[in-house]
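When a ligand or atom number is given, it counts from 1 through the structure's own listing order.
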Amino acid sequence: MAKKALVTGILGQDGPYLAQHLLSQGYKVYGMIRRYSNPNFENLEYLNLMNEIEYVDGDLTDEASLMGAIKFIRPDEVYNLAAQSFVGGSWEQAKLTTEVNALGVLHLLNAIKYFAPTSRFYQASTSEMFGLGLNKHDGMQDEGTPFHPRSPYGVSKVYAYWMTVNYRESYKMFAANGILFNHESPIRGIQFVTRKISDGVARIKLGFAKELHLGNMDSMRDWGFAGDYVKAMHLMLQQDEPDDYVVATGENHSVREYAELAFKHVGLNWKDYVKTDPRFQRPAEVPNLKGNSEKARKKLGWEPTVSFPDLVAMMVDADLKRVEKRNR
Ligand code: NAP
Ligand code: G4F
């Protein structure tokens, strides 16, 4: 019989890529959707998956809805990708961010504990938890680096991380944290800096915009391709023992470098179009993320396959097509 996987956050960026991977491995995939007046299936449509998923209703803030879903599906694997995932918005909506990202995970762990205790659980943890934390030896972050989150989002994810560890230790649940560094794709949310730039470059190149306003351009991120990263999530749940893993490329670049490459890809100079704008500065910044994913590489056999320049080109090309189509 096909294995059953429940994916929360199915309409986001990672949900569709993970669903695509699980379907290719023969899984039956259930996708959780929260109540919305007008749900947006664009990302699933982009990968042509809309009709491949069985949808279930649920909201991480509503524990009973999660219990209902888990009881109905009794999944072999649960991937918790749902979150208020925008760091920049987490100061304005700190309580909501906490309710979804922290307490929501407790709700889901309880639902699994009561109704599917042998189900394997993946928690979408994040490099934002490290914040200012650096590994003393190489200035990178790995599984042993202390957490020093810098945003309500980062703080909420630290709670979820430790609850996942605690349920593993307390109830012997198969619960794993993937500590993923930034990963992007053509279906990345438009607010995140890589997609904001690729969309801005496409609109400028095609004559629909004149400038692009950005915040801190010195910020350094370790950017990989989402399609690679979801494979690590799946591998974590196929191991004999549950554990926590950093997933990263090991290379980082500044926002400025990303913008430079993206504009160059269409034959433009970023300096002619980018304006720095204090509205996009954060109250506290994470200046430098670079992950050491040696453990995932050794134990899971995971490797990233898309280079930084190829990722930038992939995103700009996709937005050029999108902007052209929208305005045709
Ligand atoms: P995303 O595109 O923002 O998707 C998040 C999804 O969560 C959306 O589909 C959203 O639903 C859903 N959601 C939000 N609140 C919910 C609630 N109360 N109940 C149920 N669903 C809810 O995020 P992503 O980039 O795919 O990231 C997936 C996960 O990995 C997130 O937990 C994120 O924090 C974490 N993460 C991401 C990265 C990265 O670089 N992408 C790195 C590390 C960790 P709607 O579509 O209805 O809004
Ligand atoms: O693209 P960002 O908004 O991503 P951020 O804050 O790194 O968070 C993402 O990655 C995390 C993993 O490390 C995930 F957990 C999280 O859910 C999310 O997916 O910002 C990246 C950097 C920041 O330093 C920000 O200050 O870009 C800088 N930046 C500069 N100008 C900007 C802008 N960010 C945004 N969103 N918009 C700007 O105009």
Ligand 1 versus E128: contacting region, heavy-atom distance under 4.0 Å: neither
Proximity to ligand 2 by part of S85, non-hydrogen separation under 4.0 Å: both
Per-residue contact class, V193 against ligand 2 - non-hydrogen pairs under 4.0 Å: both
Pick from K157, Q13, R35, E184: the one approaching atom 32 (O) of ligand 1 most closely through a non-hydrogen atom: K157
Region of Y153 engaging ligand 1 - heavy atom pairs below 4.0 Å: side chain
Charged tip of K271 within 45° of Y273 ring normal and under 6.0 Å: no
N/O separation below 3.5 Å, L60 to ligand 1: yes
NZ or CZ of R120 within 45° of F174 ring axis and under 6.0 Å: yes
Nearest non-hydrogen protein atom, atom 46 (O) of ligand 1: L11 CB, 3.7 Å
Best match, T276, L289, V87: closest heavy atom to atom 8 (O) of ligand 2: V87
Numbered atoms and elements of ligand 2 in range of E285, under 4.0 angstrom, heavy atoms: 23 (C), 24 (O), 25 (C), 26 (O)
Shortest non-hydrogen separation from F181 to Y229 and the atoms involved: O-CE2, 3.7 Å
Proximity flag E184 to ligand 2, non-hydrogen atoms under 4.0 Å: no
Closest approach of any protein heavy atom to atom 17 (C) of ligand 1, naming residue and atom: D59 OD1, 3.5 Å
4.0 Å heavy-atom contact, P39 with ligand 1: no
Basic-acidic side-chain contact under 4.0 Å: D199, R203: yes
Ligand 1-proximal atoms of A226, by part, heavy-atom distance under 4.0 Å: neither
Ring-face cation contact, F192 with R188, 6.0 Å cut, 45° max: yes
Polar contact flag for S127 and ligand 2 (N/O pairs, less than 3.5 Å): yes
Close N or O approach (A124, ligand 1; < 3.5 Å): no
Candidate with minimal heavy-atom separation from atom 40 (O) of ligand 1, of Q191, H183, Q84, M129: H183
Enumerated ligand 2 atoms positioned under 4.0 Å from heavy atoms of T126: 11 (C), 12 (C), 13 (O), 14 (C), 15 (F)
Residues K298, E294; criterion salt bridge (charged side-chain N to carboxylate O under 4.0 Å, His left out); working and verdict: CA-CA 6 Å; K298 278 201 180 130; E294 209 179 303; 2.9 Å; yes
Atom 5 (C) of ligand 1: the protein heavy-atom neighbour that sits closest, reported with distance to 0.1 Å: A83 O, 3.7 Å
Salt bridge E99-K95, side-chain N to carboxylate O under 4.0 Å: yes
Numbered atoms of ligand 2 (with element) below 4.0 Å of G215, judged on heavy atoms: 30 (C), 31 (N), 33 (C), 39 (O)
Minimum side-chain heavy-atom gap D59-L66 below 4.5 Å: no
Region of R188 that comes within reach of ligand 2 [heavy atoms, distance under 4.0 Å]: side chain
Atom 23 (O) of ligand 1: the protein heavy-atom neighbour that sits closest, reported with distance to 0.1 Å: S85 OG, 3.4 Å
Residues N177 and Y122: side-chain donor-acceptor under 3.5 angstrom: no
Closest non-hydrogen atom pair between S293 and W302, with its separation: OG-CZ3, 4.1 Å
Proximity to ligand 1 by part of Y36, non-hydrogen separation under 4.0 Å: side chain
Proximal atoms of ligand 2 relative to V255 (non-hydrogen, under 4.0 Å): 27 (O), 28 (C)
Residue pair P117 / I112, side-chain heavy-atom distance below 4.5 Å: no
Best match, I179, D14, N40, N43: closest heavy atom to atom 24 (P) of ligand 1: D14
For G9, atoms of ligand 1 separated by under 4.0 Å from a heavy atom: 6 (C), 7 (O), 9 (O)
Atom 21 (N) of ligand 1: nearest protein contact (heavy atom, Å): A82 CB, 3.4 Å
Test: K290 and E251 ion pair at under 4.0 Å: no
Atom of Y46, atom of A318 and distance for their closest heavy-atom approach: OH-CB, 3.8 Å
Atoms in ligand 2 flagged as close to K196, the criterion being non-hydrogen separation under 4.0 Å: 38 (C), 39 (O)
Minimal non-hydrogen separation, Y27 against A5, with atom names: CD2-CB, 3.8 Å
Charged N-O contact under 4.0 Å between R279 and D277: yes
T8 to ligand 1, any heavy atom closer than 4.0 Å: no
R35/D57 ion pair, N-O < 4.0 Å: no
Region of R188 engaging ligand 1 - heavy atom pairs below 4.0 Å: side chain
Minimal non-hydrogen separation, A262 against I197, with atom names: CB-CG2, 3.8 Å
Atoms of ligand 2 close to S219 [distance to a heavy atom under 4.0 angstrom, numbered from 1]: 22 (C), 23 (C), 24 (O)
For S125, atoms of ligand 1 separated by under 4.0 Å from a heavy atom: 43 (C), 44 (C)
Per-atom contacts, ligand 2 versus Q191 - under 4.0 Å to a heavy atom: 35 (C), 36 (N), 37 (N)
Any V286 side-chain heavy atom under 4.5 Å of R221 side chain: yes
Which residue and heavy atom of the protein sit nearest atom 43 (C) of ligand 1, plus the separation: L180 O, 3.1 Å
Heteroatom proximity flag, L81 to ligand 1, N/O under 3.5 Å: yes
Cation-pi, Y17 ring and K231 (6.0 angstrom, 45 degrees): no
Protein heavy-atom partner closest to atom 4 (O) of ligand 1 - residue, atom, separation in Å: G12 CA, 3.4 Å
Winner among R221, M129, K157 once heavy atoms are compared against atom 7 (O) of ligand 2: R221
Which atom of Y153 lies closest to which atom of S85, heavy atoms considered: CE1-CA, 3.6 Å
Heavy atom of the protein closest to atom 11 (O) of ligand 1 (residue, atom name, distance): R34 NE, 3.5 Å
